[in-house]
Amino acid sequence: MLSTPSPSISATQEPALYATDSSPTAPPAAVTPSPPPPRRGRPAARTSGILAAFLLLVVVLAVSLAVGSKQLSLAEVWQGLIDPDSPAHPVVRQLRLPRTLLGLLAGMALGVAGAVMQAVTRNPLADPGLLGINAGASAAVATSAAFLGITGVDGYIWFALAGAAVVTGCVYAVGGGRGATPARLALAGAALNAALYSYVSAVMLLDAASLERLRFWTVGSLASADLATVLRVLPFIAVGLLIALAAARPLNALALGDDQARALGAHPAAVRAAAIAAVTLLCGAATAACGPLVFVGLLVPHLVRALTGPDLRWLLPACALLAPVLLLGADVVGRVLGRPGELQVGIMTAVLGGPLFLHLVTRSRAVRS
């Protein structure tokens, strides 16, 4: 009986087979993970938010030109802008256009100034109104009107700038300088704010002529706006906005602390000086033209951060777009509610801004808890 030959293993197969059985298991080669794809959602959302804010601003500008004691259609507004013979021309060109442009400039100034102050002081309650900067400008304007007889914005603006600069320095110094805490800054600003507004009230009560001239100005009003006033404050606000936007990146670095900011190439003292100069120009010019307006610089940065995050390169442009929306919207509401007269915009910003800010504070506490 023939036996079936067993399958033979070739010489080339045998070493490989035994090598596989006897050799130790080699460690797997390290695999370098591929970098995650860049996140495009956040920049896209920011860009979309900026475009939406711009469109909203355009709508509010159109509404501000159309709504008032006399209702106008958009077609009538357009004819009033381009046709001197149109019946709407005096209303649109002489009254509502200067008022709208001044509200646009003042809103941009106060919104950006509030965001810059919150970044420099690291205080979420920092605001030109709450920290006394507007009160310093108001006190200087009241002094110039009562004791020097100055009645026009040409003279007001220089005193307002000086008053805003002095109070900014005082609040920063009294609050502790570089070691200032949010609580100390808020307390120092509240104390100076109360003292300066008491001084303004005393000056107006002692001088009937000053009371008559500054009666609406001290409340905060756009009613007396004209193109001359717009042109006078435009250079100061434009320079202040440029300084603030140029300081956005160094202010981002400053938020990490002075040492980290120096490591990133920023100069903390120069950045703070530039920020104070921007705030002084913006608040002084806006206060000289419109009077003290509250809650605009405080509320708008909090609303915008939900859209852009804390990056000032996005936050400041968004504040420049949305702060005029709040200010002009409050002005339009005051015109509608006060017909045939009007409620001054300073009253409306306080009425609308207070509850909105309380809502933001309670919502943020609920999120943290």
Linking I/L/V/M/F/W/Y whenever their side-chain heavy atoms sit closer than 4.5 Å, directly or via other members, would [X] and [Y] fall into one cluster?
{"X": "Val200", "Y": "Leu205", "value": "no"}
{"X": "Leu234", "Y": "Leu57", "value": "yes"}
{"X": "Tyr197", "Y": "Val296", "value": "no"}
{"X": "Val271", "Y": "Val239", "value": "yes"}
{"X": "Leu352", "Y": "Leu303", "value": "no"}

Might you point out which heavy atoms bring [X] and [Y] nearest each other, and give the distance in Å?
{"X": "Ile150", "Y": "Tyr156", "result": "O-CE2, 3.3 Å"}
{"X": "Val116", "Y": "Ala244", "result": "CG2-CB, 3.9 Å"}
{"X": "Ala274", "Y": "Ile243", "result": "O-CG2, 3.4 Å"}
{"X": "Ala266", "Y": "Pro268", "result": "O-CD, 3.5 Å"}
{"X": "Val230", "Y": "Leu105", "result": "CG1-CD1, 3.8 Å"}
{"X": "Ala115", "Y": "Cys319", "result": "CB-SG, 4.0 Å"}

Got [X] and [Y] here, is their nearest side-chain heavy-atom distance under 4.5 Å?
{"X": "Gln118", "Y": "His302", "answer": "yes"}
{"X": "Leu97", "Y": "Leu101", "answer": "yes"}
{"X": "Pro292", "Y": "Ser138", "answer": "yes"}
{"X": "Cys290", "Y": "Leu222", "answer": "yes"}
{"X": "Gln71", "Y": "Arg339", "answer": "yes"}
{"X": "Leu102", "Y": "Val233", "answer": "yes"}
{"X": "Met108", "Y": "Leu282", "answer": "no"}
{"X": "Arg313", "Y": "Asn252", "answer": "yes"}

So how far is it from [X] [atom1] to [Y] [atom2], rounded to the nearest 0.5 Å?
{"X": "Leu281", "Y": "Ile276", "atom1": "CG", "atom2": "CD1", "value": "12.0 Å"}
{"X": "Asp226", "Y": "Gln94", "atom1": "CG", "atom2": "CD", "value": "11.0 Å"}
{"X": "Leu343", "Y": "Asp331", "atom1": "CG", "atom2": "CG", "value": "10.5 Å"}
{"X": "Leu104", "Y": "Leu327", "atom1": "CG", "atom2": "CG", "value": "9.5 Å"}
{"X": "Ile50", "Y": "Leu307", "atom1": "CD1", "atom2": "CG", "value": "6.5 Å"}
{"X": "Leu196", "Y": "Ser201", "atom1": "CG", "atom2": "OG", "value": "11.0 Å"}

### Query
Val141 and Thr287: side chain to side chain contact (heavy atoms under 4.5 Å, CB included), yes or no, with the steps?
CA-CA 9 Å; Val141 170; Thr287 304; 5.7 Å; no
### Message
Are more than 12 heavy atoms, taken from residues, nucleotides or ligands other than His89, located less than 6.0 Å from that residue's NE2 atom?
### Response
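Count over threshold, so yes.
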### Query
Would you find more than 12 non-hydrogen atoms of other residues, nucleotides or ligands less than 6.0 Å from Arg249 atom CZ?
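Incorrect, the count does not exceed 12.
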### Query
Going by the ring pair (Phe, Tyr, Trp, His ring centres under 6.0 Å) test, which pairs reach into residues 226-262, not counting sequence neighbours?
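Qualifying pairs: Trp158-Phe236.
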### Query
Side chains of Ser221 and Gln344: is there a donor and an acceptor less than 3.5 Å apart?
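Their side chains do contain a donor-acceptor pair, which is all the 3.5 Å distance test asks for.
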### Task
Establish, from distance only, whether the side-chain atoms of Tyr199 and Thr143 form a donor-acceptor pair under 3.5 Å.
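A donor-acceptor contact under 3.5 Å links the two side chains.
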Any donor-acceptor pair under 3.5 Å linking the side chain of [X] with the backbone of [Y]?
{"X": "Glu76", "Y": "Ser73", "answer": "yes"}
{"X": "Ser86", "Y": "Asp83", "answer": "no"}
{"X": "Arg93", "Y": "Ile82", "answer": "no"}
{"X": "Trp217", "Y": "Ala288", "answer": "yes"}
{"X": "Ser64", "Y": "Val60", "answer": "no"}

### Query
Just one of Leu192, Asn193, Leu187 clears the side chain to side chain contact (heavy atoms under 4.5 Å, CB included) bar with Val171, so which one?
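Of the listed residues Leu192, Asn193, Leu187, the side chain to side chain contact (heavy atoms under 4.5 Å, CB included) partner of Val171 is Leu192.
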### Task
List the steps and the verdict of side chain to side chain contact (heavy atoms under 4.5 Å, CB included) for Cys283 and Asn134.
CA-CA 7 Å; Cys283 294; Asn134 287 348; 4.0 Å; yes
#### Entry: Worked check of side chain to side chain contact (heavy atoms under 4.5 Å, CB included) between Arg335 and Arg96
CA-CA 11 Å; Arg335 286 185 244 170; Arg96 294 186 186 173; 4.3 Å; yes
### Worked check of side chain to side chain contact (heavy atoms under 4.5 Å, CB included) between Val325 and Leu321
CA-CA 7 Å; Val325 172; Leu321 293 174; over 6 Å; no
### Task
Indicate yes or no: does Arg272 engage Asp258 in a salt bridge with an N to O separation below 4.0 Å.
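Between Asp258 and Arg272 there is a salt bridge, with a charged N closer than 4.0 Å to a carboxylate O.
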### Message
Whether Arg99 and Glu342 form a salt bridge (side-chain N of Lys/Arg under 4.0 Å from carboxylate O of Asp/Glu) is what I want to check.
### Response
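Looking at Arg99 together with Glu342, the answer is yes, because their closest N to O distance falls below 4.0 Å.
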